[in-house]
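Here the structure is a predicted model, which is why all the values come from computation and not from measurement.
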Amino acid sequence: VESYTKAGVREQEMEIATKFKEEGNEHVKKQDFAKAVESYTKAIEADPSSHILYSNRSLAFNKLSKWTEGLKDAKHSVTLNPTWVKGWLRAGEALWGLQRRREACDCYNKALELDPENKDVIAAYNKHQKEYIEVFFAPLTRGMDVEVRYINRHKGRGLFAKRDFFEKEIVYLERPLACHRNVDLAKDDIKTCSYTLKSIIPPKEFASPFDEVMETLYGKQNISENSWLFCEHCKDDVLCGERYINDFAKKKAWSEYHSILCTKNSPTHPIVQLTKRCRMMEKTNPLFIVRMMAMIVNRMKDIAAKDKSKDREQVKVEAMEPFSMFISNQEQGPLEDEAVQALRDCLGTNEYDDVVSLHTYRELHGAILRNAQALNPVSDLHVHLNSMAPHRQQELVDKYPDQAVTNPLEFVTSDYMAKKCIMGTGLFLIANSTNHSCSPNVASTSSTNNYHVTVVAQKKIKKGEEIFISYINEAMSYSDRQEKLKEMYLFDCNCEKCRYRW
């Protein structure tokens, strides 16, 4: 009897819920969303287990620009039914209204995973991805002659020319979101700025005829071995102590990552121990990833301090946002457990364990493997020679003792000059927006004594034309190119060169 009674009550509740649901639907058709909310609320009171009713009310709230309420209902809808596409769609719309654009796009992606051909989701995704890309990249490309645009959901974003470029013309220079000098024991004697990677090579290290050139150059810039600025807290740490070329670099390093990673001259500091392990194995990525995770933690602190109304998840997503642009998949990496534990020990709290984690480490390691660029800042001698007239360059080369070197190009690419340069790794937001082609129209190079990359036109580029770079050696055969791109970047190339199998 009890079971029968419960069934009867349930049937009555369902009838009431259906009645108010249909009533709410009619109000939506008439665009009377306030009354729709009232009707859906009555329906939910009768049947609080219905994921459909919560997503319907979320729609009505969103139409009234009541984004917080809309998000709450959408979240409840997908909690009741994680495969409910409309719930994820409504969550995306509400998050977009709250200016939480990255989270909104994540919701649309989830909806597309469940239903790749859903026209409503595709339309919302395309519209908001286009706006998101424009909002995010506009400040980064302000004053530049290129712009990042959303292409479609399959290609994602791309880089486009805002004016015509001639062959060999510099298209843009870019500084990285984050970078790190590579571990190279053979070049320990080359001192560099920990933040900008600018190097200073003392004139006394140069053999004639270049000692006079370098003395003149550094004399003009008023730079010497004693020009470095050191972190006051770790200046006596010969292994991990940071040095900077100027006060700007010093302050930026402290605010971004060094306030967390500073070793404070302690030989037992976690970062000292991790650095020793990395040097032993000649691995850079663990140190680079720890730096990036420290940057994320500091970003979280800044965001939370500036706006206390943001919840933890929102703060985390916003802090991760620029790094998320590079993340495509996770990759296991060397010393990952030690690296994560080292940073947790630096923080001295478990408050950020959700960010300082193996999951984040592997995401960032995947980002480095797939999307980082090699940095090879040239020395001041390279820059000086490049500024000289060709006949002056040749005069200098003629004095060089190695008779096998006969012209400026051979000299600049000689072992002697290579030993004056360090290597690094960087993540570049604009460069990372450049799509691949096996017949690229630009090339990326290091032409300055710092962390900038210089992107140069390889051929004429017209205004509005998409800019392409090659992720691999485009001189390889068609089959080798396809294999390499699939292995490293997880896609099949369909550029003109590959379509004709050149």
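Ion pairing between a basic and an acidic side chain is recognised when a charged N comes within 4.0 Å of a carboxylate O; Arg149 and Glu147 show such pairing. Between Lys420 and Asp380 there is no salt bridge, since no side-chain nitrogen of the basic residue lies less than 4.0 Å from a carboxylate oxygen of the acidic one. A salt bridge is defined here as a Lys NZ or Arg NE, NH1 or NH2 lying under 4.0 Å from an Asp or Glu carboxylate O, and Glu69 with Lys66 fails to meet this definition. Ion pairing of Glu474 with Arg481 is absent here, as no side-chain N (NZ or NE/NH1/NH2) approaches a carboxylate O to less than 4.0 Å.
Residues Ser77 and Ser58 have side chains not in contact (no heavy-atom distance under 4.5 Å, counting atoms from C-beta outward). Put simply, the side chain of Ile327 reaches to within 4.5 Å of the side chain of Glu363, judged on heavy atoms.
The backbone N or O of Ile469 lies less than 3.5 Å from no partner atom in the side chain of Asn441, so there is not a single donor-acceptor pair. Checking side-chain atoms of Asn118 against main-chain N and O of Val85 turns up no donor-acceptor pair under 3.5 Å.
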_Gln482/Asp492 under side chain to side chain contact (heavy atoms under 4.5 Å, CB included): CA gap, chis, key distance, verdict_ = CA-CA 6 Å; Gln482 290 287 346; Asp492 296 312; 4.1 Å; yes
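Taking the six-membered ring where tryptophan is involved, the planes of His258 and Trp254 are perpendicular, since the angle between them exceeds 60° and thus also 30°. Note on ring orientation: taking the six-membered ring where Trp is involved, the planes of Tyr471 and Phe491 are perpendicular (angle over 60°, cut-offs 30° and 60°).
For the pair Arg157 and Tyr150, the NZ or CZ position fails the cation-pi test of under 6.0 Å to the six-membered ring centre and within 45 degrees of the ring normal. Stacking of Arg291 on the aromatic ring of Tyr257 is recorded, both the 6.0 Å distance cut-off and the 45° axial limit being met.
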